[in-house]
Protein chains: 2
Amino acid sequence: MLDELDDSTTVADSALARLTQVILDGELKPGAKVSEPELARRFGISRAPLREAIRRLEERSVLTRAPRLGARVVVLSPAKVEQIFVVREAVEGMIAREAATRITDSEIAQLRENLARQKARSEEIGFSTFLTRELDSDFHTFIARCSRNEFLIKFLCEDYATLIGLCRKHLRQVPERAYRAFVEHGRIVDALADRDADMAELAMRRHIQASRQMLVASVQEAGGESGRGRRRGSKRV
Amino acid sequence: MLDELDDSTTVADSALARLTQVILDGELKPGAKVSEPELARRFGISRAPLREAIRRLEERSVLTRAPRLGARVVVLSPAKVEQIFVVREAVEGMIAREAATRITDSEIAQLRENLARQKARSEEIGFSTFLTRELDSDFHTFIARCSRNEFLIKFLCEDYATLIGLCRKHLRQVPERAYRAFVEHGRIVDALADRDADMAELAMRRHIQASRQMLVASVQEAGGESGRGRRRGSKRV
DNA sequence: CGGAACTTTTTTGTCGACACTTTTTCAATT
DNA sequence: AATTGAAAAAGTGTCGACAAAAAAGTTCCG
């Protein structure tokens, strides 16, 4: 139903897309074994192209592999998620800086339009976390493309995209945060519109720092419930 | 002679190492086709592990691949090299920042010792560009490890290492630059010793900016000789 | 002599098979 | 009953093979 038009796309490429989706959907949970024969059967392909997809995801730090032991979905401890946010702060800060001097008026208009649409919709139904996630991802990749730097773009939109998607699951978006993120996005667009590279980088870095600090807070609040199956300290319900 | 101890290392891993070396040695020049059968014969292995090595290098932007057309060594135009330096500035700036608060006294002593050794040797034989390159790479990876951030470390020491190695070929190290780089390294270490995160990031970014500007100058000076076989404008012997 | 169409050769993408390792199963022993 | 050990099952890493596509070489025509 999906793999009818094999036009210049290889089995390995579609395997990468499907495997990525399986992991992001949470069907293969963090720490779960990635069995080559099982997935090959499931995707209706042989092991060769599946292995290529696995190697690509390993290179992107989504899978961890030990020789002869196979691949597993990476387990993102809170410490690792924080480290990933640090990398994002560095790369996306530079993305904003580079975009500031290269973005077109038309692109600024598109960003403003999207923000206005988001504002209108949120005044109807409130800041839903689901919608915000989708739009947040679009916002960041859109600005990446404005940097006109293929390596920055590839980093954010390909290499780290899946890993960031996994991180989002750790980040319980509270409505308050969704609203603050919206405000911060506005500041970033303002800096871009001013072609103020310093301010754009700073605004982007503060935005990602704020997300990271929200994560740290939510982890401390939960009291390290990620390790064991049961959570400690909270006994209600 | 080399592949006797197969202890927990796979053929694919050693193929990655060998292929990387072949590219960095310039045996496979930028734009050259990476033929699977030929390299497999040469390495005495089958195509399967070689393909894995190719896919890994493709993921690292060292090889470019088009479906059904095979892989080629990336052609680093001056514009691309500049873009890579921008990525380095972002990532290594953050590396310096994170290292500033985490580096140990022992590690600072090691960095100082290495600088002193380099100074002593350069007073004997001058700032050789060959030696400087080796030491420069060590300097940057050493500080990366001081960041205690596995993703920053992986990025600089694995993902981008080969690409940066390729960039170095574009950067004709003049002795003057080698000396300036040495001075800049000293400033970075001073900032780390002070545990001054802001200054460490700034010093690192300026250091990489200076390298980039040196590259831009040398490209303009050469007048775009990278495209064609002959250089335009300069007609002396 | 140059260029287009056809044929041959090479190469890529994919598959199935096999050896060796790891994991699991299961039975015997303390 | 629990633990240890051997045997069976499953999985990974590697190889050779094949179909389809691309590249190279050849022939024919203008």
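Labels below follow one simple rule: chain letters A, B, ... track the order of the sequence lines, proteins then strands, and each chain is numbered from 1.
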Can you check the B:F43 CZ to D:dT14 P distance for me, whole Å? 14 Å
Roughly how many Å is it from CD1 in A:I45 to C1' in C:dG16, rounded to a whole number? 14 Å
Closest to side chain of B:S46, choosing from C:dC15, C:dT11, D:dG16: D:dG16
Does a side-chain N-to-carboxylate-O contact under 4.0 Å join B:D159 and A:R60? no
Under a 3.5 Å threshold, yes or no: a donor from one side chain and an acceptor from the other, between B:R177 and B:S211? yes
Which whole-number value in Å describes the distance from B:R51 CZ to D:dG13 C1'? 15 Å
Taken to the nearest whole Å, CG/A:D13 to C1'/C:dT12 is 13 Å
Whole-Å gap separating C1' (C:dT21) and CZ (A:R68): 6 Å
Could you check which of C:dC15, C:dG13, D:dT12 has an atom nearest any side-chain atom of A:K33? D:dT12
Record whether the side chain of A:R47 comes under 3.5 Å of the base of D:dG13 through a donor-acceptor pair of N or O atoms. yes
For the residue pair A:R68 / B:T10, report whether a side-chain donor-acceptor contact shorter than 3.5 Å exists. no
Is the shortest side-chain N to carboxylate O distance from B:E150 to B:K154 below 4.0 Å? no
Return the value, rounded to whole Å, for the distance between atom CG of B:L50 and atom C1' of D:dG16. 15 Å
Determine, for B:E59 against B:R55, whether the closest basic-nitrogen to carboxylate-oxygen distance falls under 4.0 angstrom. no
Under a 4.0 Å heavy-atom cut-off, which of residues 54-66 of chain B touch DNA chain C? B:R55, B:R65
Can you confirm whether the side chains of B:D136 and B:H185 place a donor and an acceptor under 3.5 Å from each other? yes
Calculate the interatomic distance between B:E36 atom CD and D:dA21 atom P; express it in whole Å. 17 Å
Can you identify which nucleotide, out of D:dG11, C:dC15, C:dT12, has its nearest atom closest to the A:S35 side chain? D:dG11
Could you tell me the separation between the CZ atom of B:R72 and the C1' atom of C:dT11, rounded to a whole number of Å? 12 Å
5'-most contact on DNA chain C (nearest-nucleotide basis), A:L69 vs A:E52, goes to A:E52
Is any side-chain N of the basic residue among B:R148 and B:E98 closer than 4.0 Å to the acidic one's carboxylate O? no
